[in-house]
Structure formats: structure tokens, C-alpha cells
Amino acid sequence: MTNGKSIVLDVSGWLRLFDDGSVDRTWTGPPEVKFVAESVPPHDDFIDGVAVRDLVIDRESGLCVRIYLPEVKCSGGEKLPVVVHFHGGGFCISEADWFMYYHTYTDVVKSAEAICVSVYLRRAPEHRLPAAVDDGFSALRWLQSVALGHEIEPWITENADFNRVFLIGDSSGGNLVHSVAALAGEADLAPVKLAGGIPIHPGFVRSERSKSEIENPQSPFLTLDMVDKFLSLALPEGSTKDHPITCPMGANAPPLETLNLPPFLLCIAEKDLIIDTEMEYYRAMKAANKEVEILMSKGMGHSFYLNKIALKMDPETAAASDHLFAGIARFIKQH
């Protein structure tokens, strides 16, 4: 009981749902890791080679994005690719301004020499799916408006190559990469061109437990408790994990061969709880003749690269993270 309210659902220290429908996302796990979920303020000045700006892109809905601009000198009028980022958190927690994303995507824009537009996604249970999908697609529509001159954002207008727009997402954000790319394939986004999708450890699952869910180790970034409870809060009422957003390779989803998708770089971790269903997605994409390649992180678990403590303390984790983001930078530069 808290302030007269009873907890009806507690998710691994990350979220508590009360009987009146209110939600508390205060971190209640080990205090030494709390900093990864703390907000980092934007800064228009370049710090360590990156400037960061928060922007409302839809005043009616309040949808916001965080823009990361690298301090890159382009020659001959060359512009920078744009990476649209969808944060993870099981569709229920985390924000685009959290330290773990700031730390990661400031590095990404420098290594890939790209602009990042990270979307402040609406979260469940207050906003069940497909709200986050809609937010992701709205960010693409906003980019189109900027490209057409209907909206003004100097960092984008002056520096962006609208022919090279990529989608990238962590964990549940990886699900959004697929869903938003599928929507984009049916839309007229000209002059914006979707050049690639990069789902990192996407939350692809099925109602039936996979072998890896049963046998692989759990971590602070993904437990079975999180998988089950977050999705129970996030999926549309009455849906199961076989929903197209969480199981795009399943029978309930549009056939993959009918989708107009860009090239994909599927990033997976060898010890991820959900590697079996991620690999099932890969095989289904291949069978549908989609252009998809795998970037494997050997010996690593789900979202390991977001764990700042491990990156600092463990050379193997740091090396695996370097390998992951070198591969992502290569993919972006090749497309």
C-alpha cells in the first residue's frame, strides 16, 4: 500500500501499476545503476563533438524529438545521413533523454557521421500499442515536412541528406523499426527515402516460450518478468504475444514478402533471452527474399551495450560494444 493505493503489478524494479490506474516509474533496483535512467539535459553547444537539442514536432499531440548533431566538417557540400531512433523499454519505460541513450547515441553520430533524431515515444499502459508505432511514423512525416520546407529546423535543413534516412531501435524499439518501415513502404514520403533499418536486439517473441527464453541467463535489461508484464501492459487489449508488432514473422502478421522494406541490419546477442525468435525473424526475412544481414555479438546478453558500468569494468563488453557500433557505422556508410 502506497499513499492509500495498492500495487497491482510490479515489474522488476522498473515500474509499478496501482489499482487506480496510475503508474510509478521510479527506479527501485540497486542504487548504483540508477544513473543510467537519469535525464541528460540538451546542449546547443558542442560537447565532446556533439550538440543536442529537444524539439516539439507536433504541438497538437506534444510529440517531441531529441536531435544529436555531430561536429563533422563535410566537404563539397556533402550532407549527413539521418538516423531516426526509437528507444527501448518494453514499450512501457525509458525516455529519449536517459543517460544510457545519450551515452550511446552521441557515440553513434560521431562514428557514423550522421544526425540522430530520437523520438520521445508515448508509453504503455497509458498509451497502448500502436501508439509508439504512430509516433515513430509521425517522426518520418515531420522529416518530410522539413525536407519540403514546410517546417524549419536549421540543424536538419542545413545538414541532412534526406535520401539516406535510417531507422534504428533498441529492444522494443527494434520492433518499431520493422513496424514503421512497413508503414513507410506504403506511404509517399518524398523527398525522404528510407535507406535502411537497424533493429538492435528486437523484442520479437511468441506466446509459447522459446528454448533461449528458458535456458539463457536473465539480466537487468531483460527478464522473463519484464517480457511478460510489459507486453501485457503494452499490447492492445485482448492481444497475445503473437500480435504483428511483437511477432512480425507469425501467422497474424502481414506476409513479409508483401512488405516494401529497405535493407536491414539485424543486430543480435549470442546470450540474449530472445535470440531464438530473433533468428526466426531473420530466417523468415531471408525466405521472403528481403535484404537482411546479421551482426552478432558473441558472448553478450540483451542490450549489453547500454550497461555503462559493464562497458567501463569489463574489457570484453567494451570490445563487443565497439564491434557492434563499428558494424552499424559501416552499414550506414554503405547505404
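Side-chain atoms are counted along with the backbone in the values below, which use heavy atoms only and exclude waters and symmetry mates. Quick caveat: nothing in here was measured; it's all calculated off a predicted structure.
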Q. Going from CD1 on Ile198 to CG on Leu295, what distance comes out if it is rounded to the nearest 0.5 angstrom?
A. 10.0 Å
Q: Using the six-membered ring wherever Trp is involved, compare the ring planes of Phe204 and His178 and label them parallel, tilted or perpendicular (cut-offs 30° and 60°).
A: perpendicular
Q: Could you tell me how the ring of Tyr305 sits relative to the ring of His201: parallel (under 30°), tilted (30 to 60°) or perpendicular (over 60°)?
A: perpendicular
Q | Shortest non-hydrogen contact from Pro262 toward Ala181 | A | CD-CB, 4.1 Å
Q) Is a side-chain donor-acceptor pair under 3.5 Å present for Asp24 with Thr26? A) yes
Q) Which distance, rounded to the nearest 0.5 Å, do you find between the NE2 of His302 and the CG of Leu273? A) 8.5 Å
Q: Kindly say whether the aromatic ring centers of Phe91 and His127 come within a distance under 6.0 Å.
A: no
**Q.** Donor-acceptor side-chain pairing of Tyr281 and Asn175 below 3.5 angstrom
**A.** no
Q | Asp314 side, atom CG; Lys312 side, atom NZ - distance, nearest 0.5 Å | A | 14.0 Å
Q) Which class fits the ring pair Trp14 and Trp27: parallel under 30°, tilted 30 to 60°, perpendicular over 60°? A) tilted
Q. Given the side-chain rings of His85 and Tyr101, with only the six-membered ring counted for Trp, is the space between their centroids under 6.0 Å?
A. yes
Q) Would you call the rings of Tyr68 and Tyr105 parallel, tilted or perpendicular, where under 30° means parallel and over 60° means perpendicular? A) tilted
Q: Determine whether the side chains of Asp54 and Tyr120 contain a donor N or O and an acceptor N or O closer than 3.5 Å.
A: yes
Q: Please check if any side-chain donor atom of Ser118 sits under 3.5 Å from a side-chain acceptor atom of His87, or the reverse.
A: no
Q) From Leu194 CG over to His335 NE2, what is the distance, rounded to the nearest 0.5 angstrom? A) 11.5 Å
Q | Polar contact flag, side-chain donor to acceptor under 3.5 angstrom, Thr277-Glu280 | A | no
